[in-house]
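Because the structure is a prediction, the values reported are computed rather than measured.
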Amino acid sequence: MPLDPGQSPGFLLWHATLRWQRDIAAALAPLGLTHVQFVLLACAWWLNGQGERPNQLTLARQAGTDVKMTSQVLRTLENKGLVAREVDPADTRAKRLRVTEAGAALAPRAIAAVETVDAEFFRPVRTEEAVTLLGRLAHPEA
């Protein structure tokens, strides 16, 4: 028997996701970033901070994004001067990613904006509960 839409976890998740995405987009717009640009910039910045110079496949895996789409978005970030692609000395066909000075200045500001949205969005739920549930949904095999 079908559930009422208000009793359907998937339908509620759909609406919650739409609301969260709108809030994130609004927070990132003044910084000149889309949500996916933010995710890729933040992941590259974090990986660089760990001493890594990822290629786009590594970045796509970290971010959970499609490799071809990642390439297109990286081109945009490169055109904005936020990311540089450099030839990998070990494999001249591959490009390693480095967040530029401008990208390194923007990433923490963007992360702070997104964390503010997240804190407000998830305020009705204890952080530990949200992380546990979302972790199980994101990685059901774990």
> Is it the case that more than 12 heavy atoms not belonging to E101 sit under 6.0 Å from its CD atom?
Replying inline: no
> Do other residues, nucleotides or ligands put more than 12 heavy atoms under 6.0 Å from the CD atom of E128?
Replying inline: yes
Can you tell me how far [atom2] of [Y] sits from [atom1] of [X], rounded to the nearest 0.5 angstrom?
X: F121; Y: E115; atom1: CZ; atom2: CD; value: 16.0 Å
X: R96; Y: D88; atom1: CZ; atom2: CG; value: 4.0 Å
X: L82; Y: T76; atom1: CG; atom2: OG1; value: 10.5 Å
X: L41; Y: N48; atom1: CG; atom2: CG; value: 9.5 Å
X: S71; Y: E78; atom1: OG; atom2: CD; value: 9.5 Å
X: T65; Y: Q72; atom1: OG1; atom2: CD; value: 11.0 Å

> Quick one: does R109's side chain get under 4.5 Å of L106's, heavy atoms only?
Replying inline: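 Answer yes - side chains close enough.
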> Are D91 and R93 ion-paired here, with the side-chain N under 4.0 Å from a carboxylate O?
Replying inline: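 Between R93 and D91 there is a salt bridge, with a charged N closer than 4.0 Å to a carboxylate O.
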> Are the side chain of Q37 and the backbone N or O of T34 linked by a donor-acceptor pair below 3.5 Å?
Replying inline: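 Side chain of Q37 to backbone of T34: a pair is present.
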> Given H35 and W20, is the ring-ring contact (aromatic ring centres under 6.0 Å, His included) satisfied, shown in steps?
Replying inline: CA-CA 11 Å; H35 196 169; W20 177 74; 5.1 Å; yes
